[in-house]
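Ligands are counted one by one from 1 in listed order, and the atoms in each one are counted from 1 as well. Each residue takes its place number in the sequence, starting with 1.
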Amino acid sequence: MTAGCVQGGLPRTPGIAIAIPGVDNAICRIDAVGPKIEEDRMTGTGSKASVYQTVVRQFERAADTVKLDEGVRKILSTTKNEVIVHFPAKMDDGTIRMFSGYRVQHNDSLGPYKGGLRYHPAVDIDEVRALATWMTWKSAIVDIPFGGAKGGISCDPAEFSQGELERITRRFAFALGSNIGPEYDIPAPDVNTNAQVMAWILDTYLSTMPPQERNRSVHVVTGKPVEAGGSLGRDKATGQGVVYCIEEWAKDNDVDLSQTTYFVQGFGNVGSWTARLLAPFGATLVAAEDHTGAIASADGLDPEALTEHVVKTGGVVGFPGATPVDHETFLSTQADYFVPAALENQITAETAHLLNVRMIAEGANGPTDLDGDRILGERGIDTIPDILANAGGVVVSYFEWLQNKRSEFWELEEVDGKLRRRLVTGYARVRDAASEFDVDWRTAAYIVALRRLERMMRRRGIFP
Ligand code: NAD
């Protein structure tokens, strides 16, 4: 069902379908839920229904526990808008390729939609729905005035030159048109996107604006390069937030971080920054894995040197002094904690029994599925859930957005100090909810988010 359709540069017009000859095709739903989508949700027949099903079941468990208002429950259990754009881009050899891009907006009760853009072959509407929904809970837990959104392009960026990536990105931004905006929906980096990608989106968006409006629209994306309006500390923010959570867990459990060992899956933005920021505490990184394979060293891997190696060679494999290990051996690493910082569904019924750790700090979104959660619980392994542990990125995105709106530029110490306060407060809220309701930390994190949203939505009521 298509309730409304929006093309690049045109105003959003709920309830009206617009077809423009010669312009990218866009299929979008504005304030409506199509029957196919409901069917996917109920039966799990979507192409990657398990990720979204995981979100729905996590939500239902927390909503039941907290006896969430029925109306609020109905609204939050569906996404608000879903946009799919099919657009062309010119390749270096002169040929044209078509791409499919997505933007899902889950909820905007607390503020503008906010969430990253991912470039990966596994990107599809179901994954993006799940990621958009997690963003709503994340912002609510750390109490920032944003809603939840996510997007991406189904593609393998390793296939493309920089020039091709730039043209793909610019055409995607143009196709999204007014479905993003500085006070409406603000993208940021995610898997396989970075500050450069955000700079291209910024430039494309501003180029479609009247000149008088350009300078007050720089906050249309966050995670920009510092030279293009980005914030100090945004690059490391998600890893920094993971480390603040690990510090809090260590205090609560009387653990001396300098005596701890850990391993990391994914050595991109989140994984590498987590490891680099744990190094000053004296914690030892004993294994790492990325899309090229896994490596281990009982003596420890130097996070700075490993980061340089990944930049130079494209992956962790071949790092001097490390032993290559297979995936199962990697997951079985004996350590104090594990930081998954790659993709979804890594800790499952098949893998959860392999883990030999006390705690998991989820840098990635959705690394643990429902069976994984159950097995970790039975085995007494603590989890600091994704919607708390990796919220540092969206917090500093919020700081960047504020700095752009106010034409300010904050020092790194100010950014880090404010980030720490948000994360430590969020951590305490989740810990308190876990003990008040006698539930696991993931359910507790949902409870914190749902109560915050319920308070707001009950006050505002429903139009008309
Ligand atoms: P990135 O693209 O910088 O890094 C992704 C890493 O995952 C790479 O090292 C890649 O090699 C690895 N990887 C990919 N497939 C893998 C596989 N099959 N097995 C093992 N490793 C694999 O992405 P990122 O920004 O670091 O994001 C990582 C996770 O953190 C994602 O779940 C993302 O949604 C989440 N996250 C990111 C941010 C952020 O600010 N970037 C914020 C919150 C959450």
Heteroatom proximity flag, Lys150 to ligand 1, N/O under 3.5 Å:
no
closest protein heavy atom to atom 4 (O) of ligand 1 is Gly268 CA, 3.3 Å
If a pair satisfies salt bridge (Lys or Arg N to Asp or Glu O under 4.0 Å) and one of its residues is in residues 410-419, list it, with sequence neighbours excluded.
Lys236-Asp416, Glu414-Lys418
Would you mind reporting whether Ser77 and Glu60 have side-chain heavy atoms less than 4.5 Å apart?
no
Can you tell me the protein heavy atom closest to atom 2 (O) of ligand 1 and the distance?
Asn192 N, 2.8 Å
Shortest protein heavy-atom distance from atom 9 (O) of ligand 1, along with the residue and atom involved
Phe267 N, 2.9 Å
Within the 4.0 Å heavy-atom cut-off, what Arg234 brings close to ligand 1 is side chain
Is the Trp137 ring parallel, tilted or perpendicular to the Tyr446 ring (thresholds 30°, 60°)?
tilted
The complete set of salt bridge (Lys or Arg N to Asp or Glu O under 4.0 Å) pairs with one or both residues in residues 260-273, sequence neighbours excluded, reads none
Beyond-backbone contact of Leu68 with Arg451, side-chain heavy atoms, under 4.5 angstrom
no
Mark yes or no: Lys138 above the aromatic ring of Trp134, with NZ or CZ under 6.0 Å from the six-membered ring centre and no more than 45 degrees from the axis.
no
Ranked by distance from atom 14 (C) of ligand 1, the top protein heavy atom is His291 CB, 4.0 Å
Answer yes or no for Arg118: is there a heavy-atom contact with ligand 1 below 4.0 Å?
yes
Starting from atom 33 (C) of ligand 1, what is the nearest protein heavy atom, named by residue and atom, and what distance separates them?
Asp190 OD1, 3.2 Å
How far is atom 24 (P) of ligand 1 from the closest protein heavy atom, and which atom is that?
Val270 CG2, 3.9 Å
Please work out which of Ala391, Ala188, Ala342 has its closest non-hydrogen atom nearest to atom 29 (C) of ligand 1.
Ala342
Using a strict cut-off of less than 4.0 Å between a Lys/Arg side-chain nitrogen and an Asp/Glu carboxylate oxygen, indicate whether Glu183 and Arg216 qualify as a salt bridge.
no
Does the N or O separation between Gly271 and ligand 1 drop below 3.5 Å for any pair?
no
Using the six-membered ring wherever Trp is involved, compare the ring planes of Phe160 and Phe99 and label them parallel, tilted or perpendicular (cut-offs 30° and 60°).
perpendicular
Any N/O pair His120/ligand 1 closer than 3.5 Å
no
Heavy atom to atom 39 (C) of ligand 1, shortest distance: which of Val264, Thr238, Ile387, Thr193 holds it?
Thr238
Nearest non-hydrogen atom to atom 3 (O) of ligand 1 belongs to which of Asn365, Leu343, Asn269?
Asn269
Of the protein's non-hydrogen atoms, which lies at the shortest distance from atom 27 (O) of ligand 1, and what is that distance?
Val191 CG2, 3.7 Å
Is the ring pair Tyr113/Tyr184 parallel, tilted or perpendicular, if the boundaries are 30 and 60 degrees?
perpendicular
Looking only at protein heavy atoms, what sits closest to atom 12 (C) of ligand 1 is Gly266 CA, 3.9 Å
How are the rings of Phe399 and Trp410 set relative to one another: parallel (under 30°), tilted (30 to 60°) or perpendicular (over 60°)?
tilted
Taking N or O atoms only and a 3.5 Å limit, does Leu131 qualify as a polar contact for ligand 1?
no
Between Gln265 and ligand 1, is there a nitrogen or oxygen pair with a distance under 3.5 Å?
no
If you apply the rule ring pair (Phe, Tyr, Trp, His ring centres under 6.0 Å), what do you find for Trp441 with Tyr427, and how did you get there?
CA-CA 10 Å; Trp441 276 51; Tyr427 184 97; 5.1 Å; yes
